[in-house]
Asks: 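Encoded as structure tokens, here's the structure I'll be asking about.
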Amino acid sequence: PVYVQRVWCLFEVYTAMEAKCSVAVVVPDSEGAAFVEAFHSQGVRGLTAVFESLRGIQVAKAQASVPEDRDHIMQIIEAGPGCHQVDSTVVNRLRGWFVKMATQNIMDRLAGRQQPAATPQMCVNVAEFLISTGDLDAAEQLCSAAQALEGGSPELKTVVARCRGDILTGKEDWDGALRAYAEVT
């Protein structure tokens with residue numbers, strides 16, 4: 001997106017985050033829907049691809065329509081937090097927004113507020129990503145939802161059991177994790 005290629009935009013997000021201001025990320029409905037569908041169909045691979053693309057955000061390579069503005073902003077950044085700090089703050093905020101969007105979407109589908117309805121695989125996709133970010137309680141909630149939705153498919157039971165084992169491992173419940181993993185085989 002052009003937004004993350006503009007020095008003003010990146011600096012504004014960084015400054016707002018540092019000032020503890022609320023920063024809302026807004027994308028066109030079509031792009032938001034495309035992200036959610038890609039995530040639900042590709043799972044963690046889809047979100048990982050998004051996260052990898054965010055790594056390309058570099059304020060040092062960002063542009064401005066007025067070269068003097070860019071130079072002035074870069075002087076402020078270099079004298080202050082440095083490019084790496086600005087980059088990581090912006091990237092982390094955008095990553096958090098994508099995780100929140102995927103989680104909210106699946107919760108809306110589970111509550112029947114959005115169609116199509118949530119599938120067990122969608123729940124597991126989001127749960128697996130939440131596990132990787134350390135949000136084990138939210139992951140457990142979605143894993144339980146997947147288990148409640150699954151229709152007896154042996155493959156899905158295996159995926160849900162593995163997901164539950166990963167959550168319990170993250171919570172250092174070794175005995176529970178072993179029991180969950182035993183269901184996988």
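Please read these numbers as outputs of a predicted model, since none were measured by experiment.
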Asks: Are V27 and V99 joined in one hydrophobic group, where the rule is that I, L, V, M, F, W and Y side chains link up if heavy atoms are under 4.5 Å apart?
Replies: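 Yes.
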Asks: Looking only at heavy atoms, what is the nearest atom pair of A161 and E183, with distance?
Replies: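 Looking at all heavy atoms of both residues, the closest pair is CB-CB, 3.7 Å.
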Asks: What's the spacing between C83 SG and I57 CD1 if we round to 0.5 Å?
Replies: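 Answer for the SG-CD1 pair, C83 versus I57, is 13.5 Å.
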Asks: Does the side chain of R164 reach to within under 4.5 Å of the side chain of E140, using non-hydrogen atoms?
Replies: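 They are in side-chain contact.
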Asks: Using only heavy-atom distances, determine whether the side chains of Q75 and D71 contain a donor-acceptor pair under 3.5 Å.
Replies: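 Looking only at side-chain atoms, D71 and Q75 do not form any donor-acceptor pair under 3.5 Å.
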Asks: Tell me, yes or no, whether the heavy-atom count around W97 atom CH2, taken from other residues, nucleotides or ligands under 6.0 Å, exceeds 12.
Replies: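 For W97, atom CH2 is crowded (more than 12 foreign heavy atoms under 6.0 Å).
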Asks: To the nearest 0.5 Å, what is the distance between OG1 on T103 and CD on Q141?
Replies: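 If I round to the nearest 0.5 Å, the distance is 9.5 Å.
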Asks: Closest heavy-atom contact between R70 and A64?
Replies: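 Scanning both residues, the minimum pair turns out to be CB-CB, 3.8 Å.
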Asks: Heavy-atom distance under 4.5 Å between the side chains of V25 and L94, does that happen here?
Replies: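 Yes, at least one pair of side-chain atoms sits under 4.5 Å.
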Asks: If you define the side chain from C-beta out and look only at heavy atoms, does anything of P120 sit under 4.5 Å from V160?
Replies: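 Not in contact.
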Asks: Quick one: do F129 and M122 end up in the same hydrophobic cluster if we chain Ile, Leu, Val, Met, Phe, Trp and Tyr together by side-chain heavy atoms under 4.5 Å apart?
Replies: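 In one cluster: yes.
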Asks: Which atom pair, heavy atoms only, marks the closest approach of M17 to V23?
Replies: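 Heavy-atom minimum between the residues: SD-CG2, 3.6 Å.
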Asks: Check step by step if side chain to side chain contact (heavy atoms under 4.5 Å, CB included) holds for C9 and V4.
Replies: CA-CA 7 Å; C9 299; V4 297; over 6 Å; no
Asks: Considering all heavy atoms of both residues, which atom of V86 and which atom of I77 are nearest to each other, and what is their separation?
Replies: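 Result for this residue pair: CG2-CG2, 3.9 Å.
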Asks: If you apply the rule side chain to side chain contact (heavy atoms under 4.5 Å, CB included), what do you find for R109 with C123, and how did you get there?
Replies: CA-CA 10 Å; R109 288 174 189 239; C123 294; over 6 Å; no
Asks: So how far is it from Q5 CD to Q63 CD, rounded to the nearest 0.5 Å?
Replies: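 One gets 8.5 Å once the value is rounded to the nearest 0.5 Å.
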Asks: Start with the C-alpha distance between M107 and L142, add both sets of side-chain angles, then the distance that settles side chain to side chain contact (heavy atoms under 4.5 Å, CB included), and finish with yes or no.
Replies: CA-CA 8 Å; M107 298 309 269; L142 290 177; 3.6 Å; yes
Asks: In terms of hydrophobic clustering (I, L, V, M, F, W, Y; side-chain heavy atoms under 4.5 Å; direct or indirect links), are I167 and L110 co-clustered?
Replies: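 No, separate clusters.
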Asks: Does either side chain, that of Q85 or that of T89, offer a donor lying less than 3.5 Å from an acceptor on the other one?
Replies: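 Indeed, the side chains of Q85 and T89 share at least one donor-acceptor pair under 3.5 Å.
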Asks: R162: which residues meet the side chain to side chain donor-acceptor pair (under 3.5 Å) condition with it, sequence neighbours left out?
Replies: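 With sequence neighbours excluded, R162 shows a side chain to side chain donor-acceptor pair (under 3.5 Å) to E128, given in chain and number order.
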Asks: Going through the distances and angles, do V59 and V7 end up as a side chain to side chain contact (heavy atoms under 4.5 Å, CB included)?
Replies: CA-CA 6 Å; V59 71; V7 71; 3.9 Å; yes
Asks: Ignoring hydrogens, what is the shortest heavy-atom contact between V91 and L54? Give both atom names and the distance.
Replies: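 Smallest heavy-atom distance, with atoms named: CG2-O, 3.3 Å.
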Asks: Which distance, rounded to the nearest 0.5 Å, do you find between the CD1 of I106 and the CE of M101?
Replies: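 One finds 13.0 Å between CD1 of I106 and CE of M101.
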Asks: Under 3.5 Å, is there a donor-acceptor pair between the D166 and Y181 side chains?
Replies: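 Present: a donor and an acceptor within the cut-off.
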Asks: Verify the cluster assignment for L136 and L130: are they in a single hydrophobic cluster under the rule of side-chain heavy atoms below 4.5 Å apart?
Replies: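 No: no chain of side-chain contacts under 4.5 Å links L136 to L130.
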Asks: Would K171 and D137 pass as an ion pair if we require N to O under 4.0 Å?
Replies: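 Judged by the 4.0 Å cut-off on N to carboxylate O distance, K171 and D137 do form a salt bridge.
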Asks: Looking at CG of D87 and CG of L10, how far apart are the two atoms once the value is rounded to the nearest 0.5 Å?
Replies: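 Between atom CG of D87 and atom CG of L10 there are 7.5 Å.
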Asks: Report whether I131 and L156 are members of the same hydrophobic cluster (ILVMFWY, side-chain heavy atoms less than 4.5 Å apart, transitive linking).
Replies: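 Different clusters: I131 never reaches L156 through Ile, Leu, Val, Met, Phe, Trp or Tyr contacts under 4.5 Å.
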Asks: To the nearest 0.5 Å, how far apart are CD in Q104 and CZ in R113?
Replies: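 Spacing of CD (Q104) from CZ (R113) equals 6.5 Å.
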